[in-house]
Amino acid sequence: MMLIGNYLKNLTQQALQALYELQVEAAQVTLNETKPEFEGDYTIVLFQFVKQARRSPEQMGQEVGAWMVANSAGNLSGFNVIKGFLNLSVAESYWIEFLGQNNRPDFGAQPANGRKVMVEYSSPNTNKPLHLGHLRNNFLGWSVAELYKWNGYDVRKTCIVNDRGVHICKSMLAWKKFGEGATPESTGIKGDHLVGDFYVRFENELRVQSAPVLEALMQGQPVAGMEAEAAAKALVLYNKLQEADLPQEKAAEIKDELKEMARNATPIMQEVRQMLLKWEQGDEEVLSVWRMMNGWVYAGFDETYRRIGSDFETMYYESDTYLLGKEYVEEGLASGVFYRKEDGSVWIDLTAEGLDEKLVLRKDGTSVYITQDIGLAKKKYQDYPMEQSVYVIGDEQNYHMHVLQLICKKLGMPFADGIHHLSYGMVDLPTGRMKSREGTVVDADDLCDEMEKVAADKTRELGKVADFTEEELKVLYHTLGMGALKFYLLRVDPKKRMVFNPEESIDFHGFTGPFIQYSYARIQSVLRKAGWNAQQRQAITINQLLPLEKKLIVQMEQFPGVLQAACQDMNPSHVANYAFSLAKTFNAFYTEHSIANAESEESRVLRLHISELTSSIIANAMRVLGIAVPARM
RNA sequence: GGCCUCGUAGUACAAUGGAUAGUAUAAGAGUUUCCGAAGCUCCAGAUCCAGGUUCGAUUCCUGGCGAGGCCA
């Protein structure tokens, strides 16, 4: 038997065909849960078909309802019509049979379909430790991969590490200049944090050095060591700044530009560029520092990844892939997709698509980000010929990803149509945006520590697991802390910008991970005490359901559909909302009805079945979110 | 300058074009001889503005206002 929702849509389609010879797709049928104030379980909205059927909504409802009940093989027990809403009552037997047949731990999983999906997520830079924004990315990527798995796909998780470039050289240079040979071992600082500290150290030095340069530029004075072209531009900007009627915003823009030029003109930035050049030339001294410091970072990342549960089947390193893609520029030139300007630079014209012209190769023949991305996309496809390729990347890259897909299409890349940018919004603090310059960036490791600490405090306060060993407690605090954090970040629609309120995030009441974990632990406790488990289940014999019993079963039956929709939308928040709602329904049921001491034996068996499947579904829904559930807490 | 995204109770989040727009949190009041009170029950408050399409608009279209982002 298929899920009741799909069944009812199909049945409606058949009814419309049989009664009015109307051809509609089952997917066009609007199906809602019946509002509690009306009688019925599911509602078909008929307004949209009224005109074609040439019936009044009321009459049509009567006809379609009668036909559906008569042709439902006993699955429907009745109907009523209010305006154009056809309320259908599903037979009790359907729900009871559903429970009896589907009470298994993997309920909701679809059989393998052989289709390949690649999910790229996390994608850190190696100059700084992970922060709150990365956490949203990691949790989303992992969960979306999991959703694909549950829906039968063959999934490969991948991570592209941005391990080269100016930003890395900044950390390296600061270490060489000021580090005095410091290592993670000598300082006791986690590798990624140590490298991040040197990055900050560099930025501080840069600020000191650029201040007098900016001062000079603001006064139109020449700066030693500045290239002629830049110096000329600075002078133009300076002159513009002197204009009397210059609007304030414009002046601020020019000042920013001068600031940037001042930064670039500092001796330390010139050293960085030298270092990058040496890196590209394969200078062994530079490379050895680079390898050593990246090694520290990877050790640090591994620790954090293990902690937050991120894992990958394949890793790509930008240092291996940054030269890829140039060959496709040649191809594109030959096929006329790209064109060359007089100065030798290569472009693509996307004005017909409503976008701009986009540079794909600089006049000096070096590639830009988009060039590398084309090359990497192709490489990924060669390594794993996927049907869909999901990129979990922030929404500031929307334009870039749009362009990437367009170019791949125009180049005739076979994977182009399968590219999906899972674009997520930034995580803000209640005070506004996180800014590294103002030191408001929330560090991932610190945050995890804090979450676990709060979990420990609350657990001790309640004192329900006094018999746990130290090791068991540690696991529990981790389970609860990560549960709260992951749920908090995943319960929101990914594409929306969200606010991270530290106080709310560690709340364990209401719409939170620990609330759901608690509900699970409570069910487990009941099942334990009742001596109920998969091996010694009894068959269900009851044929009547109380309202809350039915409400729970109805909700449980929707789980596979929720997983499917969440996968289709690449939106784990559907699962989070569902899990919370299910836990709440169970808690209401639990308060209202006694499970182990039910009024009758057949009632007891029914409720134990309900409790068991509820706990399986809660566990599975949470697993999709990357959250573990404790048997006790 | 051009393009894109988002505006829902005090706050944070929901709602494939459907019925009286859901939920959490913050305040108050209940609730423990019985399966776990991190629970349950009761009590208020919102779709940025103006048009349009539709039987029906938080949702789609146009124009404003506001927030954020991207491209040169």
Side-chain angles (χ1 to χ4, degrees), chain A residues 5 9 27-38 43-48 50-51 56-57 82-85 87 350-351 353-359 394-403 423-426 428 430 432-433 455 458-459 461-462 464-465 480 483-484 488 491-493 495-501 503-505 507-532 561 565 568-569 573-574 576-578 580-581 583-584 586-598 604 607-608 611 630-633:
Chain A
K9 285 185 182 185
Q28 288 175 264
V29 177
T30 307
L31 182 80
N32 297 322
E33 269 185 84
T34 303
K35 304 266 173 199
E37 56 269 34
F38 302 107
T43 298
I44 308 278
V45 183
L46 292 171
F47 290 108
Q48 49 192 318
V50 164
K51 214 173 243 173
S56 73
I82 294 164
K83 294 188 280 179
F85 300 99
N87 300 324
L350 297 172
T351 48
E353 281 79 14
L355 305 177
D356 296 327
E357 296 181 333
K358 180 84 186 173
L359 178 75
D395 60 8
E396 69 272 13
Q397 304 264 12
N398 282 353
Y399 181 80
H400 178 83
M401 289 303 296
H402 189 184
V403 169
S423 160
Y424 63 92
M426 196 148 310
D428 288 324
R433 200 176 163 165
K458 300 208 178 194
T459 302
E461 223 171 273
L462 292 171
K464 292 179 182 174
V465 288
L480 295 177
Y488 189 85
R491 67 186 198 180
V492 182
D493 185 344
K495 63 176 179 287
K496 292 200 176 166
R497 228 183 150 89
M498 68 173 289
V499 176
F500 182 87
N501 186 328
E503 280 156 35
E504 264 178 35
S505 69
D507 193 355
F508 286 9
H509 303 278
F511 189 22
T512 66
F515 167 86
I516 299 169
Q517 290 172 318
Y518 169 79
S519 305
Y520 176 85
R522 185 156 75 168
I523 298 173
Q524 289 305 304
S525 168
V526 172
L527 294 176
R528 261 196 315 271
K529 286 187 179 158
W532 180 269
Q568 208 152 25
D569 297 352
S573 78
H574 291 322
N577 277 291
Y578 172 82
F580 174 64
S581 171
K584 249 171 70 83
F586 183 87
N587 286 336
F589 159 81
Y590 173 90
T591 308
E592 185 71 21
H593 303 297
S594 184
I595 297 165
N597 310 312
R604 193 182 81 96
R607 289 177 193 168
L608 284 164
S611 304
R632 291 178 55 197
M633 65 186 271

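First the proteins, then the strands, lettered A, B, ... as listed; each starts at 1.
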### Task
Please measure how far the C1' atom in rC35(B) lies from the corresponding atom in rC40(B), and state the result in whole Å.
15 Å
### Query
How are the rings of Phe580(A) and Phe511(A) set to each other: parallel, tilted or perpendicular (split at 30° and 60°)?
tilted
### Task
Would you please confirm or rule out a distance under 4.0 Å between OP1 or OP2 of rC55(B) and any side-chain N or O of Lys51(A)?
yes
### Query
Should the heavy atoms of other residues, nucleotides or ligands under 6.0 Å from NZ of Lys458(A) be counted, would the total exceed 12?
yes
#### Entry: Sugar-phosphate, base or nothing in reach of Met633(A), heavy atoms under 4.0 Å
base
### Query
Roughly how far apart, to the nearest Å, are rU11(B) and rU53(B) at atom C1'?
35 Å
## Note on the structure
Asp356(A) CG to rG2(B) P, in whole Å, measures 12 Å
### Query
What's the NE2-P distance between His400(A) and rC70(B), to the nearest Å?
13 Å
#### Entry: C1'-based separation of rC43(B) from rA9(B) [nearest Å]
16 Å
### Query
What does Ala27(A) touch in the nucleic acid at a heavy-atom separation under 4.0 angstrom: a base, only the sugar-phosphate, or nothing?
nothing
### Message
Take a 6.0 Å sphere around CD of Glu503(A) and say whether it holds more than 12 heavy atoms from other residues, nucleotides or ligands.
### Response
no
### Query
Given the P atoms of rA15(B) and rU23(B), what is the spacing between them in whole Å?
14 Å
## Note on the structure
Sorted by position of nearest nucleotide on RNA chain B, 5' first, the leading residue of Leu480(A) and Phe38(A) is Phe38(A)
### Query
Per the atom types in the model, does the base of rA19(B) pair as donor or acceptor with the side chain of Asn87(A) at under 3.5 Å?
yes
### Summary
Closest to the side chain of His574(A), out of rG68(B), rC55(B), rA15(B), is rA15(B)
### Query
Counting any heavy atom closer than 4.0 Å, what does Val499(A) reach on the DNA or RNA strands: base, sugar-phosphate only, or nothing?
sugar-phosphate
### Task
Take the protein atom CG of Asn32(A) and the nucleotide atom C1' of rA19(B), then report the distance between them rounded to whole Å.
9 Å
### Task
Identify the heavy atoms of Met498(A) and Tyr488(A) that sit nearest to each other, and give their distance.
CE-O, 3.7 Å
### Task
Would you mind classifying the nucleic acid contact of Ser573(A) as base, sugar-phosphate or nothing, using non-hydrogen atoms under 4.0 angstrom?
nothing
### Message
In this structure, how many angstroms lie between the P atom of rG1(B) and the CD atom of Glu357(A), rounded?
### Response
21 Å
### Message
Students often get this wrong, so: under 4.0 angstrom with heavy atoms, is Lys464(A) touching a base, only sugar-phosphate, or nothing?
### Response
base
### Query
Which part of the nucleic acid, if any, lies within reach of Ala598(A) when heavy atoms closer than 4.0 Å are counted: base, sugar-phosphate only, or nothing?
nothing
### Task
Measure from CG on Asn398(A) to P on rG69(B) and round the result to the nearest Å.
13 Å
#### Entry: Near-parallel close stack of Phe47(A) and rG56(B) base (under 5.5 Å, under 30°)
no
### Query
Which part of the nucleic acid, if any, lies within reach of Ser519(A) when heavy atoms closer than 4.0 Å are counted: base, sugar-phosphate only, or nothing?
nothing
#### Entry: Below 4.0 Å: OP1/OP2 of rG36(B) and any side-chain N or O of Arg528(A)
no
### Summary
Correct closest heavy-atom pair for Gln517(A) and Gly483(A) would be NE2-CA, 3.9 Å
### Query
Any side-chain N or O of Ser525(A) less than 4.0 Å from the OP1 or OP2 oxygen of rG36(B)?
yes
### Query
Across the strands shown, which category fits Glu461(A) at heavy-atom distances under 4.0 angstrom: base, sugar-phosphate, nothing?
nothing
### Task
Starting from P on rA19(B), measure out to CG on Leu31(A) and report it in whole angstrom.
14 Å
#### Entry: N/O (side chain, Lys496(A)) to phosphate O (OP1/OP2, rG7(B)) under 4.0 Å
yes
### Message
Taking rA57(B) as the reference, what is the distance to rG52(B) when you measure between their C1' atoms (whole Å, please)?
### Response
11 Å
### Task
Report the distance from atom CG of Asn87(A) to atom OG1 of Thr34(A), rounding to the nearest 0.5 Å.
4.5 Å
### Query
Within the structure shown, what part of the strands sits under 4.0 Å from Asn587(A) by heavy-atom distance: base, sugar-phosphate, or nothing?
sugar-phosphate
### Task
Could you tell me which nucleotide pairs with rA46(B) by Watson-Crick or G-U wobble geometry, both distances under 3.5 Å, or answer none if nothing does?
none
## Note on the structure
Here the distance between atom P of rU5(B) and atom CD of Gln397(A), to the nearest Å, is 17 Å
### Message
Applying a 4.0 Å non-hydrogen cut-off, can you work out what Asp428(A) is touching in the nucleic acid: base, sugar-phosphate, or nothing?
### Response
nothing
### Message
Classify Ile523(A) by what it touches in the nucleic acid, base, sugar-phosphate, or nothing, heavy-atom distance under 4.0 Å.
### Response
nothing
## Note on the structure
Sorted by position of nearest nucleotide on RNA chain B, 5' first, the leading residue of Ile595(A) and Thr34(A) is Thr34(A)
## Note on the structure
Given the options Lys495(A), Lys496(A), Arg491(A), Asp493(A) meets side-chain hydrogen bond (donor to acceptor under 3.5 Å, both in side chains) only with Lys495(A)
### Query
Considering only the C1' atoms, how many Å lie between rG66(B) and rU8(B), rounded to the nearest integer?
15 Å
### Query
Base, sugar-phosphate, or nothing: which does Tyr518(A) touch, judged by heavy atoms less than 4.0 Å apart?
base
So which protein nitrogen or oxygen atoms get under 3.5 Å of nucleotides 22-24 of chain B's nitrogens or oxygens?
unit_1: rA24(B); atom_1: OP1; unit_2: Lys584(A); atom_2: NZ; d: 3.0
unit_1: rA24(B); atom_1: O2'; unit_2: Phe511(A); atom_2: N; d: 3.4

### Query
Any donor and acceptor pair, going by atom type alone, linking the side chain of Ser581(A) with main-chain N or O of Asn577(A) inside 3.5 Å?
no
### Query
Which one is paired to rU8(B), where only Watson-Crick or G-U wobble pairs with both distances under 3.5 angstrom count?
none
### Query
Does any N or O in the side chain of Arg607(A) come within less than 3.5 Å of the main-chain N or O of Ser594(A), such that one atom is a donor and the other an acceptor?
yes
### Gap between atoms CG and P, on Asp493(A) and rU8(B) respectively (whole Å)
14 Å
### Task
Ignoring the backbone of Glu37(A), work out which of rA38(B), rG36(B), rA19(B) is nearest its side chain.
rA19(B)
Validation: residues 586-593 of chain A side-chain donor-acceptor distances under 3.5 Å, sequence neighbours left out:
unit_1: Asn587(A); atom_1: OD1; unit_2: Arg522(A); atom_2: NH2; d: 2.8
unit_1: Asn587(A); atom_1: ND2; unit_2: Ser519(A); atom_2: OG; d: 3.3
unit_1: Asn587(A); atom_1: ND2; unit_2: Ala583(A); atom_2: O; d: 3.4
unit_1: Thr591(A); atom_1: OG1; unit_2: Asn587(A); atom_2: O; d: 2.7

### Task
Would you classify Arg632(A) as touching base, sugar-phosphate or nothing, given that sugar-phosphate means primed atoms plus P, OP1 and OP2, and contacts are heavy atoms under 4.0 Å?
base
### Task
Please state the C1' separation for the pair rU16(B) and rU58(B) - nearest whole angstrom.
14 Å
